[in-house]
Participant: 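Take a look at the following structure, please.
Sequence lines set the chain letters: A, B, ... in the order given, protein chains first and strands last, and positions in each chain run from 1.
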Amino acid sequence: MFFTSYEFIGFFCLLIAVYYLIPKKYQWILLLAAGYVFYCAADPRYLIYLLAVTFLTYLGALYLEKSFAAQRAYLKENGQQMDREAKKAYRALRGKKRRRVFVLILVIVLCILASGKYVNFLISNLNGILHVFGSEGRLSFVNMLFPLGISFYTFQALGYLVDVYHESVPAEKNFFRYALFVSFFPQMIQGPISRFGDLSQTLWKEHAFQGENLKNGLLRMLWGYFKKMVVADRVLIAVKLLVGQPQVYRGAYTMVIILFYTVQLYADFTGGIDITLGIAQTLGIELKENFIRPYFSKSLKEYWRRWHITMGTWFRDYVFYPVSVSGVMQKISKVTKKTLGDRAGKRLPVYLASFLVWLATGIWHGASWNFVVWGLLNWAVLMVSEELEPAYAKFHARFAVAGRWYYKLFQVGRTFALVSVLKLFDCYTEASTAFRMLGSVFGADNWGIFVDGSLLQLGLSAADYGVLALGILLMLAVSLAGRRESVRSKIGRMRYPVQAAVWFGLFLAVLLFGTYGIGYDASQFIYNRF
Amino acid sequence: MKAKRKTRVARVLITGILILAVLAGLQRLLMPKYMGADREGSMISEYYPQDKDHDVIFIGDCEVYTNFSPAVLWEEYGINSYIRGSAQQLIWQSYYLAEETFTYEKPKVLVFNVLSMEYNEPQRESYNRMTLDGMRWSPAKVKSILASMTEEESFLEYVFPILRYHDRWSQLTGDDFTYFWKKDKVSFNGYYMRVDALAAENVPEGRPLGDYRFGENAYAYLDKLTQLCEKEGVELVLIKAPSLYPYWYEEWDLQIEEYAREHGLKYYNLLDAAEEIGLDYRTDTYDGGLHLNLSGAEKLTRYFGNILQTECGLESRKEETKLAEQWETKLKEYREEIRRQTQELENSRTTGR
């Protein structure tokens, strides 16, 4: 039951009606049931993964909480008879036990994630190694389930476990309430990745019907559907064809692929998140924003603060910070300081932690080497930018262009180009193909495709290109208009006929220009598969 | 306060009505008009404005709507008939069309062309649409849709066809606007006329099949059709029209013969009677043997009219003034169409196009 299916529209309408009709104290139970029905509709077997992740993290958090409580009670009762060293030793002992349980659960949950996502990746790499060593034997691939959105809810649950481990949030005693946190259906399959502290209370709260929430939520959903069905799925037709035949579509076509895929990914992912946030808003629940006009970023660093924000902050808080302050990193820092100086000593742990983050980010995106390469290329660009920072500063001081509109435009264009080129590694499952495609641009002799009608042979008619162009312009206009205040708020203040025209116009655009129904492949959201 | 609420309600109502009107208009505009190449798609809906007092109703695929001419049945035998045929009409669609027809009228004879027994499962969406979109909403239509849908189809798209045809916005032609309100009549009591000829040459033999037995689903609907006719007091007559292709296997024929014998039904394999009918496949088909042209259809109808009269006991109703008057008008239109098509054919021969 994808967001774009008729079944989902029916499911949502029914849910909203029942949600506001039943006594408010039961609303969260309805949401829990809805989450499981929604997930079960995709494939009932997926529930095994969801339940396993939920149970393990729930029990683990309870254990951690109990351990902390027992430690506090013990120290309260016996603290006065203990000296500082004894207390420290007691805390360390308790801490060690907690860490063991924490790590055990972490590993099991990551294994669950890996079993659904990475087993065949591992097997293919092992086969590669066997081949290198001249072995004839090959391990067979296993037919594993790959549950929708497993990375999202697993990360959300792990974030909770880490938060409880660090005593940032208390463990939730009620299993069902916790289960709702993991399975809140709008965000379960493509994020945003919420924090327990942010989401839990608003999920369980009683929500009175508010017309404004419903109106704004529905408008946001409609906008999401526009991006997904009118733009993303339309350009997908050409992207599929182009990416499917790299031996044919190369040279100048690489530029087309880069541009089309950039548009597709943006419209698909931000559209999906708009639908998610819109659904949550109609239910009176506020989720974190996942995008802040990312293609207006002036550097790659800024881009990653504005694109898939909740994933970025998750990796920052749960991987980068813990790794960069870990004992190993401290040691590395010390050694580097001694041998290479202070600056290197400070930077090396940061770069290594970043390396791990980007390696993990790449693997999180997909079980293949292209994603690993993509992640590491992002890391490399970020590190080089960091190293070049003094040079940039000198340049800015010398030419005084910083802050000028044309320089900002250049920076935005440069970042857009860079991000788009990097996305090529997201397109092709073989990283080598992506490199080859990039290489084919140099010395390409087929630049005529932009004028000789070749672009009309990609499954898109001239009318389709017209719709695409209008859709992209509209997305750009909405992004520009929403710099200070959301466009929805602006529309909300308009006169009734104008508001009605905007609503109906958007609805008609989705209805008429949406790529759905017979003749179009029902396309799930790109991020559902992560 | 009250006035404000009233204004708000009025505003919402007006907006709602406007939106519905625009959506209804768009739906009408975007739906295929079937006035050009696929005119057969218009035929199912042409039944409804008729006076429903027919002696014979034909149901089935193109082998009924191209091969029988109700005008000849009237002219020569005084039999009032109608063809509820459509392209690749599947047996469950024929069944539900019969069920629907019987809510309007009780003909004496229902003629069913058995070629569709070869299909046991839904086939193609485009053909489904040609049969189902033209039906008026009724329980029979709902059941027919549910029985006919392929995996890619959705019931909702039959209820709101705009969901199916939304992407026709880029293929709209002048016809979509010309026939927005009213469409031309394309059939003559369900008969699709073609006067041109294309000789049947090199008709392929049927390739051997793994299993010649008709499917369970097809048999189930044939049973239902038999029971329905029995219940309604309508005589069910099974036929196999004399089209050379798609190939009609001997094994299939034997199964139908056996079924007819077991259920006390009449079955006529008109393919075997081609010589007796006087069909000349060099001149009596418009597409190399798949469908008969006007000449072939008139020969076949004369032959079959005799069967209906002698073996089914249908009597001439030419004495019924009102009916005769109606047919007079229809025959005039029929002859006019023959004249028009013949002229057009002559012109194209002369100009070589």
Participant: Given a strict heavy-atom distance threshold of 4.5 Å, which part of B/L156 is in contact with chain A: side chain, backbone, both, or neither?
Facilitator: side chain

Participant: Checking an interface table here. Which of residues 487-497 of chain A come within a heavy-atom distance under 4.5 Å of chain B?
Facilitator: A/Y496

Participant: With a 4.5 angstrom heavy-atom cut-off, is it the side chain or the backbone of B/L18 that approaches chain A, or both, or neither?
Facilitator: neither

Participant: Search all heavy atoms of A/Y516 against all heavy atoms of B/I162 and return the closest pair with its distance.
Facilitator: OH-O, 4.4 Å

Participant: Is there a side-chain contact between B/D167 and A/T515, using heavy atoms and a 4.5 Å cut-off?
Facilitator: no

Participant: Tell me every residue that passes salt bridge (charged side-chain N to carboxylate O under 4.0 Å, His left out) with B/K33, counting only those two or more places apart in sequence or in another chain.
Facilitator: B/D176

Participant: Might you confirm whether atom CD of B/E216 has over 12 heavy atoms from other residues, nucleotides or ligands at distances under 6.0 Å?
Facilitator: no

Participant: Which one of B/L23, B/L163, B/T15 has the most heavy-atom pairs closer than 4.5 Å to chain A?
Facilitator: B/L163

Participant: For the backbone of A/L512 and the side chain of B/W169, can you confirm whether one donor and one acceptor N or O come within less than 3.5 Å of each other?
Facilitator: yes

Participant: Within a radius of less than 6.0 Å around CH2 of B/W181, do more than 12 heavy atoms belonging to other residues, nucleotides or ligands occur?
Facilitator: no

Participant: Are B/H166 and A/F513 close enough that their ring centres sit under 6.0 Å apart?
Facilitator: no

Participant: Heavy-atom count around B/R124 CZ within 6.0 Å, excluding the residue itself: above 12?
Facilitator: no

Participant: In terms of heavy-atom proximity below 4.5 Å to chain A, should B/R168 be classed as side chain, backbone, both, or neither?
Facilitator: neither

Participant: Should B/I19 and A/W503 count as side-chain neighbours, where that means a heavy-atom distance under 4.5 Å?
Facilitator: no

Participant: With a 4.5 Å cut-off on side-chain heavy atoms, are B/F160 and A/L511 touching?
Facilitator: no

Participant: Is it the case that over 12 heavy atoms from other parts of the model lie below 6.0 angstrom from the CE atom of B/M31?
Facilitator: yes

